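First the structure, in the form of structure tokens, and then the observations on it.
As the structure lists them, so they are numbered: ligands from 1, and atoms in each ligand from 1. Computed from a predicted model, the values in this text were never measured in an experiment.
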Amino acid sequence: MWRRQVGALLLRHRSTPSSTLRHHLPLPVPDQSPPLASNLLLRLFTSQSGEGGDGATKPFIAFVLGGPGSGKGTQCVRIASDFGFAHLSAGDLLRSEISTGSEKGELILNIIKEGKIVPSEITVELIRKAMESSDAKRVLIDGFPRCEENRIAFERITGTEPDLVIFFDCPEDEMVKRLLGRNQGRVDDNIETIKKRLKVFESLNIPVVDYYTSRGKVHKINATGTEEEIFGAVHKLFSSLSS
Ligand SMILES: Nc1ncnc2c1ncn2[C@@H]1O[C@H](COP(=O)(O)OP(=O)(O)O)[C@@H](O)[C@H]1O
Ligand SMILES: Nc1ccn([C@@H]2O[C@H](COP(=O)(O)OP(=O)(O)O)[C@@H](O)[C@H]2O)c(=O)n1
Ligand SMILES: [Mg+2]
């Protein structure tokens with residue numbers, strides 16, 4: 001189920017670097033987290049789940065979370081490039097569906113404009129298909145799960161859990177500044193929608209971070225500072241996984 005040819009337009013494997021990040025949060029997550037659990041280190045980028053029902057090895061899955069503008073995409077590109085991960089962005093998958101002009105795409109567009117969360121079945125299905133069409137052994141899933149419903153749907157539909165969750169912790173004012181300067185022509189990078197996205201992040205995404213924290217899977221990265229500084233912390237984490 002997890003393999004097939006790389007059709008993966010959206011699985012940006014070994015792409016080129018880009019820019020930077022930051023945050024804070026009322027979380028019981030210690031800053032720059034404790035060393036990863038030893039069982040995680042031992043896995044050395046192999047999946048927790050071993051073989052899937054069809055005999056295929058499941059990839060090592062890292063969920064990449066953080067508020068809008070915290071720098072998830074920017075850092076994912078660099079992780080993909082330096083550590084051989086496929087980069088699968090939930091937002092990009094949704095935007096790609098919009099660009100097909102389908103009815104589903106129109107529904108997604110209206111939800112994104114409002115800063116709300118697209119129904120989980122739609123997003124998980126897009127992620128599942130993208131994973132299925134890739135041979136990647138290590139996958140970053142960027143911007144997912146955005147809420148508990150997303151998380152539960154992913155676990156139910158794919159029958160797997162992430163091996164690692166990275167959380168980019170960035171103050172709101174910094175995220176707003178970055179989003180207003182992103183300049184990618186996105187329908188949701190305007191101040192009204194940004195405010196809604198930040199509310200959704202606090203109320204729906206933070207509980208997911210809390211859940212995985214309680215499962216010992218979260219590694220929190222201070223996402224303030226330059227892109228280089230943040231990647232320094234990210235690099236240290238991934239180097240510790242592969243050493
Ligand atoms: N450390 C940083 N400092 C300043 N700007 C940054 C930093 N990291 C990323 N950016 C810029 O901020 C914007 C949002 O970054 P992005 O990676 O798209 O965040 P996210 O995927 O979390 O929304 C982009 O324009 C990006 O170039
Ligand atoms: N798991 C997800 C991811 C994104 N989305 C939608 O897509 C929008 C953009 O997501 P994104 O991950 O590209 O945004 P950034 O956090 O990267 O700025 C979100 O604000 C949601 O409306 C979603 O509904 N469910
Ligand atoms: Mg992004």
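Listed by number with element, the atoms of ligand 1 under 4.0 angstrom from any heavy atom of T74 are 9 (C), 15 (O), 16 (P), 17 (O), 26 (C). Near K116, meaning under 4.0 Å from one of its heavy atoms, ligand 2 places the atoms 21 (C), 22 (O), 24 (O). Atoms of ligand 1 lying under 4.0 Å from at least one heavy atom of G67, given by number and element, are 22 (O). Listed by atom number, the atoms of ligand 2 under 4.0 Å from K72 heavy atoms are 15 (P), 16 (O), 17 (O). The distance from ligand 1 to the heavy atoms of I230 drops below 4.0 Å at these ligand atoms: 1 (N). The ligand atoms of ligand 2 that sit less than 4.0 angstrom from a heavy atom of D188 are 8 (C), 9 (C). Heavy-atom contacts of G143 reach the following atoms of ligand 2: 1 (N), 2 (C), 3 (C) (cutoff under 4.0 Å). If you number the atoms of ligand 2 from 1 as listed, the ones under 4.0 Å from a heavy atom of R95 come out as 9 (C), 13 (O).
Protein heavy atom in closest approach to atom 12 (O) of ligand 2: R146 NH1, 2.8 Å.
Between the side chain of D163 and the main chain of I61, a donor-acceptor pair closer than 3.5 Å is present. The closest donor-acceptor contact from the side chain of S81 to the backbone of V77 lies at 3.5 Å or more, if one exists at all.
Within a 6.0 Å radius of CD in E155, more than 12 heavy atoms belonging to other residues, nucleotides or ligands are found. Heavy atoms from other residues, nucleotides or ligands lying under 6.0 Å from NZ of K116 number 12 at most.
Salt bridge present: E148 and R151 bring a charged side-chain N and a carboxylate O closer than 4.0 Å. Salt-bridge check for E192 with K196: failed, with every basic side-chain N at 4.0 Å or more from each acidic carboxylate O. Checked for salt-bridge contact, K72 and D142 miss the test: no charged N lies under 4.0 Å from a carboxylate O. Salt-bridge annotation for E125 and K104: absent, with no side-chain N of the basic residue lying under 4.0 Å from a carboxylate O of the acidic one. We find that R78 and E228 are joined by a salt bridge, their nearest charged nitrogen and carboxylate oxygen being less than 4.0 Å apart. Under the 4.0 Å criterion applied to side-chain N and carboxylate O atoms, R215 and E161 are assigned as salt-bridge partners.
Heavy atoms of K196 found under 4.0 angstrom from ligand 2: none, in either backbone or side chain. Proximity of V200 to ligand 2, defined as any heavy-atom pair under 4.0 Å, is not found for any part of the residue. Proximity of Q184 to ligand 2, defined as any heavy-atom pair under 4.0 Å, is not found for any part of the residue.
No N or O atom of P68 sits closer than 3.5 Å to an N or O atom of ligand 1. Remark: ligand 2 and T123 share no N or O pair separated by less than 3.5 Å (distance only, no angle test). Here's the thing with G181: none of its N/O atoms is less than 3.5 angstrom from an N/O atom of ligand 1. Residue-to-ligand polar distances place V118 within reach of ligand 2: an N/O pair is separated by less than 3.5 Å. Annotation: E174 places no N or O atom under 3.5 Å from an N or O atom of ligand 1; distance criterion only. When only interatomic distances are considered, the shortest N/O to N/O separation between F144 and ligand 2 does not fall below 3.5 Å. Not one N or O of D142 is nearer than 3.5 Å to an N or O of ligand 2, by distance alone. For L179, no nitrogen or oxygen atom sits less than 3.5 Å from a nitrogen or oxygen atom of ligand 1, counting backbone and side chain alike. Considering backbone and side-chain atoms together, S70 places an N or O closer than 3.5 Å to an N or O of ligand 1. Remark: ligand 2 and S89 share no N or O pair separated by less than 3.5 Å (distance only, no angle test).
The shell of residues lying under 4.0 angstrom from ligand 2, judged by heavy atoms, excludes E114. Ligand 1 has no atom lying under 4.0 Å from any heavy atom of G66. The closest approach between G91 and ligand 1 stays at or above 4.0 Å for every heavy atom of the residue. In this structure, G143 has no heavy atom closer than 4.0 Å to ligand 1.
At least one cation-pi condition fails for R138 and F83: the charged atom is not both under 6.0 angstrom from the six-membered ring centre and inside a 45 degree cone around its axis.
Atom OG of S99 and atom CG of L94 lie 11.0 Å apart (nearest 0.5 Å). Here CZ of R146 is found 7.0 Å from CZ of R197. Values are rounded to the nearest 0.5 Å. Once rounded to the nearest 0.5 Å, the distance linking CZ of F231 with CG of L237 reads 10.5 Å.
Around atom 18 (O) of ligand 1, the closest heavy atom drawn from E228, Q184, R182 belongs to R182. The option with the heavy atom closest to atom 4 (C) of ligand 2, from among V64, L94, I122, is L94.
Side chains of T193 and N190: a donor-acceptor N/O pair is present below 3.5 angstrom, by distance only.
Looking at R128 and F154, their side chains never come closer than 4.5 Å, going by heavy atoms from C-beta outward.
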